[in-house]
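In what follows, a single structure is set out as structure tokens and then discussed.
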Amino acid sequence: MEPSKSIDSSGMDEFGYTQTLDRSIGKFASFAAGVSYISILTGVFQLFYFGFSMAGPAYAWSWPIVFVGQLMVALCFAELAGRYPVAGSVYNWAKRLSSGTSSWLAGWLLLLSSIMALGSVALALQLTLPQLWSGFQFVGDGTGPYDFAMNGVVLATIMITISTLINAFGVKLMTRINSIGVFVELIAAVLLILALGWHVVRGPEVFFQTNGFGEGHDLGFFGVFLIGAMASGYVMYGFDTASSLGEETKDPKRTAPKAILRAVTASFLLGGLILLFGILAAPDLSDPQVGAADGGLQHIVLSVLGGPFGKAFLACIVVAVVVCTLAVHAAAIRMMFAMARDNNLPFSRQLSKVDPVRRTPKVAAIVIGVIAVIPLLVNVMQPAIFTILSSISIVLIYLSYLLVTVPLLRKRLLKQWPLRDQQSEAGFSLGTWGLPVNILAVLWGAAMTVNLVWPRSEIYNSVPPFEWYLQWGGVIFVAAVIIGGTLLYRLKIRHQTGVLAEHAAAVAAHPSSGAAQQEKAQHEAAQYEAPEDAVAAKMAASEAW
């Protein structure tokens, strides 16, 4: 029988997998997953001090610039999510657009970046909790050279532990907490915008003044603006999380694309207004605390609102950090699970195990939680830990996104996308806008990757000791990850890759489609060398037909 066309494909057999995860996420929870990963109250408050210290009030112009660039990427992702709402979205999209090596690398980079982002997001608690109550400063009194970083690691480790327990318990608990947290975050963001707007003390001309920033820099203000743009670039990513939870989402081909676009748009609007009114309402922009890690936007909020109101908003920021940590952790779990069930990671059978009661990858949740703490412990004596981890994690994110948008652009140029011979219709399409949007997405991703990985001392070696290998640390680390990952895949992983039998879809009857398709199917099936993967081999043949 010819399969009927459907947008709401609740089964995973269309993608070659059996349904093992709990499909219980609704529209708001899907939207909340994308919003909480972007998390305006986390990102804007976490690195405001950095952007302001680099380029002053005019750094806020980087916010709309980053939004336009990321919107181009999000539109491409929405189109892919309308076709393939599968766990480990970027990895599974790249699988269908490019070679095995580049698709594996896309998943590898995003997995590592998510693990590093998990640590850097949890570190944001250090920027807020001690200002909320001094008792949260467990290490020293905050004035020592390492008090700030060491206490941040303590708080982050506690947060990651809590996140591991919640994510291991099941997606229902995680999404319920996440949805409540996002609701609180959105309400708090709107109230904060109104409160700051009421206390505006200067006009918008401040955004058109360089105020001496950039003097002495080789590229002048433009040079420091590019550095400060990292603060905005750190916020608006992770919108693909809505699709990565697609296997657990109801009507995913319709829901995931809308959730992606709504998440990035809502974050831009609310975050941009917080930046705008925060700078306009600051009592004194020359106050050194505004550009200090232990001050920043939190300091402005406390100075403007003061007393219980300021503390209440800081408490909402803590809620935002908590749900952001949960979302980043959840996305990392789905990426590890997606790669493991394809036998594309060491110890794949263990990492892809789904708890039969909770219907969630519990082993992956625990492993990611443990690994995420390692970079924190390695950098425990590094006062600039926030900017270093943030920079490296978003460089890897942008690279993994490029490994999707570049092959997608190639498919468009070869007239091989959008697909027209699919068994089910897409839930979202760019139509004739696809090519220009895709071109802009690639250009944007390449430009931001170069900007973020550039070996600037302001990011990678901002405090003593000043060593060349520290300044070039970002480039060295990223190169090592790419080269090491490529060698791992080419020398070992690719010889074992193939959907594990316990995750393979049942073989369905399909009409014969010609000798060429059969030959391709046999070639795909030949990669499964282990006898126990016979079901997976049949699945590959069926999918190729």
Side-chain angles (χ1 to χ4, degrees), residues 12 15-22 86-95 100-101 103-119 160-161 163-171 174 240-241 244-248 326-375 396 400 481 484-489 491-505 527-530 532-533 535-536 539:
M12 291 300 297
F15 310 113
Y17 304 112
T18 186
Q19 181 74 43
T20 57
L21 302 180
D22 185 11
V86 190
S89 50
V90 167
Y91 160 72
N92 269 299
W93 297 338
K95 245 182 12 178
T101 302
S103 61
W104 186 87
L105 201 57
W108 170 250
L109 293 178
L110 192 56
L111 176 60
L112 291 182
S113 65
S114 297
I115 292 173
M116 296 191 70
L118 177 58
I160 292 172
T161 302
S163 176
T164 300
L165 294 173
I166 293 174
N167 273 286
F169 191 82
V171 72
M174 190 280 294
D240 56 291
T241 304
S244 199
L245 292 170
E247 290 184 33
E248 297 147 278
L326 291 175
V328 174
H329 201 153
I333 292 167
R334 272 68 191 173
M335 179 59 72
M336 179 174 281
F337 167 75
M339 296 183 73
R341 73 176 168 188
D342 283 351
N343 207 16
N344 266 339
L345 287 176
F347 310 105
S348 285
R349 291 195 181 277
Q350 289 74 28
L351 294 176
S352 65
K353 282 185 177 180
V354 176
D355 186 277
V357 177
R358 304 298 177 189
R359 298 185 67 187
T360 194
K362 187 164 64 175
V363 176
I366 296 171
V367 169
I368 287 173
V370 172
I371 296 176
V373 176
I374 295 175
L396 297 180
S400 66
V481 165
T486 303
L487 291 175
L488 174 63
Y489 178 78
L491 297 178
K492 177 176 174 57
I493 299 294
R494 72 187 180 99
H495 299 296
Q496 68 184 40
T497 187
V499 182
L500 296 174
E502 56 267 34
H503 293 286
Q527 67 176 311
Y528 301 93
E529 300 173 0
E532 62 268 26
D533 283 337
V535 175
M539 180 284 303

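Everything numeric in this text was worked out from a predicted model, so none of it was measured. When a residue number appears, it is its place in the shown sequence, counting from 1. FYI, side chains are in, hydrogens and waters are out, and symmetry mates aren't considered; it's all heavy atoms of this structure.
- A distance of 11.5 Å separates CG in L351 from CD1 in I333, rounded to the nearest 0.5 Å.
- By the 4.5 Å heavy-atom criterion applied to side chains, T497 and W104 are not counted as neighbours.
- With sequence neighbours excluded, the residues forming a side-chain contact (heavy atoms from CB on, under 4.5 Å) with A106 are V90, A94, L403, listed by chain and number.
- Nearest heavy atoms, Y91 versus S103: CD1-O, 3.5 Å.
- Counting heavy atoms from C-beta outward, E247 and V86 have side chains that approach closer than 4.5 Å.
- If you take NE2 on H329 and CD1 on I160, they are separated by 8.0 Å, rounding to the nearest 0.5 Å.
- V354 places a side-chain heavy atom less than 4.5 Å from the side chain of H503.
- Sequence neighbours left out, the pairs with a member in residues 362-374 that pass salt bridge (charged side-chain N to carboxylate O under 4.0 Å, His left out) are D355-K362.
- The two atoms that bring R359 and L21 nearest to each other are NH2-O, 2.8 Å, heavy atoms only.
- Taking K95 as the reference, Y17, N92, D342 meet the side-chain hydrogen bond (donor to acceptor under 3.5 Å, both in side chains) condition, with sequence neighbours excluded.
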Just distance, no hydrogens or angles: give the donor-acceptor pairs under 3.5 Å from side chains in residues 108-116, sequence neighbours left out.
unit_1	atom_1	unit_2	atom_2	d
W108	NE1	V481	O	3.1
S113	OG	L109	O	3.1
S113	OG	L110	O	2.9
S114	OG	L110	O	2.8

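- At least one side-chain heavy atom of N167 sits under 4.5 Å from a side-chain heavy atom of L326.
- Here the closest non-hydrogen pair linking L118 and A372 is CD2-CB, 3.5 Å.
- Note that the CD1 atom of I493 and the CG atom of N344 stand 6.5 Å from one another [nearest 0.5 Å].
- Considering only heavy atoms from C-beta on, E502 comes within 4.5 Å of R349 through its side chain.
- Residues forming a side-chain contact (heavy atoms from CB on, under 4.5 Å) with S244 (at least two apart in sequence, or on another chain): S89, R334.
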For residues 363-370, run the donor-acceptor check on the side chains, cut-off 3.5 Å, and write out each pair with its distance to 0.1 Å, sequence neighbours left out.
none

